[in-house]
Amino acid sequence: IKFLGMKVAVVGATGLVGRVMNEVLEEFDFEISEYIPVASERSVGKKVIYKGKEYPIVSIQDAVDMAPEIAIFSAGGSTSLEWAPKFAEKGTVVIDNSSAWRMDPGKKLVVPEINADQITKLDKIIANPNCSTIQMVVALAPLHKKYGIKRLVISTYQSFTGTGAKAVAQYESEKSGSKPEKTDMAYHYQIFENAIPHCDVFLDNRYTKEEMKLVHETRKILGDDSIKITATAVRIPVNGGHSESVNVEFHQPFELSEIFDILKNSNGISVLDDLENFKYPMPLYAKNKNEVFVGRIRRDDSIDNGLNMWVVADNLRKGAATNAVQIAEYLVEHKLV
């Protein structure tokens with residue numbers, strides 16, 4: 001789809017997700033009349049290459065003054081809380097990748113395959129969900145529509161890339177055999193050849209923030225606060241791609257063949273489930289791809305109406321950049337900017 005005359009700012013253009021956002025914008029052939037890369041003050045004046053052309057990084061205030069139609073944020077919660085409203089005042093639609101606005105009752109939390117139709121012209125700040133939530137709800141939404149989800153038990157196996165550039169540097173350093181300084185470590189422990197059952201900060205209820213994001217965001221996106229959800233989030237030494245073991249208890253009985261049909265005919269999902277040929281989703285397979293891969297689909301006989309499935313996606317793509325660009329695409333297609 002070709003779009004013309006769109007002025008777009010990417011806030012956090014030099015970060016891990018920001019760089020992927022630039023790649024996705026290029027791949028989607030998002031026609032931009034003016035590309036505005038934004039980064040921290042220390043990066044102002046440096047260059048970012050977009051579609052083979054160099055663009056100077058500008059300050060966030062300069063970007064606000066340029067009044068782009070769309071600003072895609074991947075610059076952390078505090079930056080977003082401070083600056084998203086300033087863009088919005090200028091009429092810019094902000095698509096924010098941080099956790100700042102996700103649970104704000106006045107803001108839409110959008111996965112285009114599920115609930116983009118909720119966006120109106122009045123929505124100037126739109127929240128991009130958490131990476132582990134996005135891939136899971138893409139797989140769950142069509143099943144929830146048909147059978148109604150009663151309860152979810154989730155275990156995640158998340159790439160260190162979800163933590164950002166510092167975690168990547170820590171992993172590379174450990175992999176090469178050197179011991180990074182404590183100040184250079186993104187985690188309390190080494191991530192190379194390890195699994196850390198600790199994503200984000202611990203909360204008073206002994207769960208982590210990441211685990212509770214899966215609870216609250218899933219209910220908000222699916223529009224159902226009655227779903228019982230529990231999660232354990234684990235960081236693993238995989239360079240790109242989150243995997244999730246999802247145990248679902250439905251209200252209604254189902255046929256396994258129906259589950260396969262629904263998933264195969266749903267947008268954004270690729271079913272990879274051929275046991276005879278050892279085909280199932282893996283981060284290695286999902287890398288640099290935009291869809292959500294679902295496999296190991298099987299009945300859970302330990303409960304009524306129980307299902308197990310394995311859900312994998314590239315966390316920097318569908319889990320972040322791709323979802324944000326798809327929201328931007330929707331805004332343009334439906335003349336909401």
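Checked by atom type, the side-chain pair Asn239/Thr161 shows no donor-acceptor distance below 3.5 Å. For the residue pair Gln170/Asp184, the side-chain donor-acceptor check at 3.5 Å is not satisfied. There is a side-chain donor-acceptor pair under 3.5 Å between Gln158 and Thr156. If you check the side chains of Asn308 and Asn247, you find a donor sitting under 3.5 Å from an acceptor. No hydrogens or angles considered: nothing links the side chains of Lys318 and Asn290 as a donor-acceptor pair under 3.5 Å. Side chains of Tyr207 and Thr232: no donor on one and acceptor on the other come within 3.5 Å. No donor-acceptor contact under 3.5 angstrom links the side chains of Tyr171 and Gln190, judged on distance only. A side-chain donor-acceptor contact under 3.5 Å links Tyr35 and Asn22.
Taking the side chain as every heavy atom from C-beta outward, Phe293 and Glu291 approach each other to under 4.5 Å. Side-chain contact check for Ile126 versus Lys107: every heavy-atom pair is 4.5 Å or farther apart. Proximity of Leu316 to Val20: side-chain heavy atoms (C-beta onward) are separated by under 4.5 Å at one or more points. Side-chain contact between His144 and Ile227 is present, with heavy atoms from C-beta onward closer than 4.5 Å. Between Asp96 and Asn128, the closest side-chain pair of non-hydrogen atoms is not below 4.5 Å. Residues Phe30 and Val332 have side chains in contact (heavy-atom distance under 4.5 Å, counting atoms from C-beta outward). With contacts defined as side-chain heavy-atom distances shorter than 4.5 Å, the pair Ile57/Lys47 does not qualify.
Distance alone, capped at 3.5 Å, is enough to place a donor-acceptor pair between the Asn115 side chain and the Leu109 backbone. For the pair Glu217 (side chain) and Leu214 (backbone), a donor-acceptor distance under 3.5 Å is absent. Side chain of Arg299 to main chain of Phe254: a donor-acceptor pair is present (N/O by atom type, distance under 3.5 Å, no hydrogens or angles). Judged purely by atom type and a 3.5 angstrom limit, Arg102 has no side-chain atom pairing as donor or acceptor with the backbone of His216.
Shown here is Arg298, whose CZ atom has more than 12 heavy atoms of other residues, nucleotides or ligands within 6.0 Å. For Asn277, the CG atom sits in a packed shell: over 12 heavy atoms of surrounding residues, nucleotides or ligands are nearer than 6.0 Å. Other residues, nucleotides and ligands contribute at most 12 non-hydrogen atoms within 6.0 Å of the NZ atom of Lys228.
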Verdict with supporting geometry, Asn130 and Glu210, side chain to side chain donor-acceptor pair (under 3.5 Å): CA-CA 8 Å; Asn130 187 41; Glu210 184 83 6; 2.8 Å; yes

Arg317/Glu27 under salt bridge (Lys or Arg N to Asp or Glu O under 4.0 Å): CA gap, chis, key distance, verdict: CA-CA 12 Å; Arg317 288 257 170 172; Glu27 285 170 29; 2.8 Å; yes

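Remark: Ser178 pairs with Ser173, Ser176 by the side-chain contact (heavy atoms from CB on, under 4.5 Å) rule, at least two apart or across chains.
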Would you mind writing out the side-chain donor-acceptor pairs for residues 261-269 within the sub-3.5 Å range, not counting sequence neighbours?
| residue | atom | partner | partner atom | Å |
| --- | --- | --- | --- | --- |
| Asn265 | ND2 | Asp261 | O | 2.8 |
| Ser266 | OG | Ile262 | O | 2.6 |

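Listed by first and then second residue, the ring pair (Phe, Tyr, Trp, His ring centres under 6.0 Å) pairs involving residues 85-125 are Phe73-Phe87 (not counting sequence neighbours).
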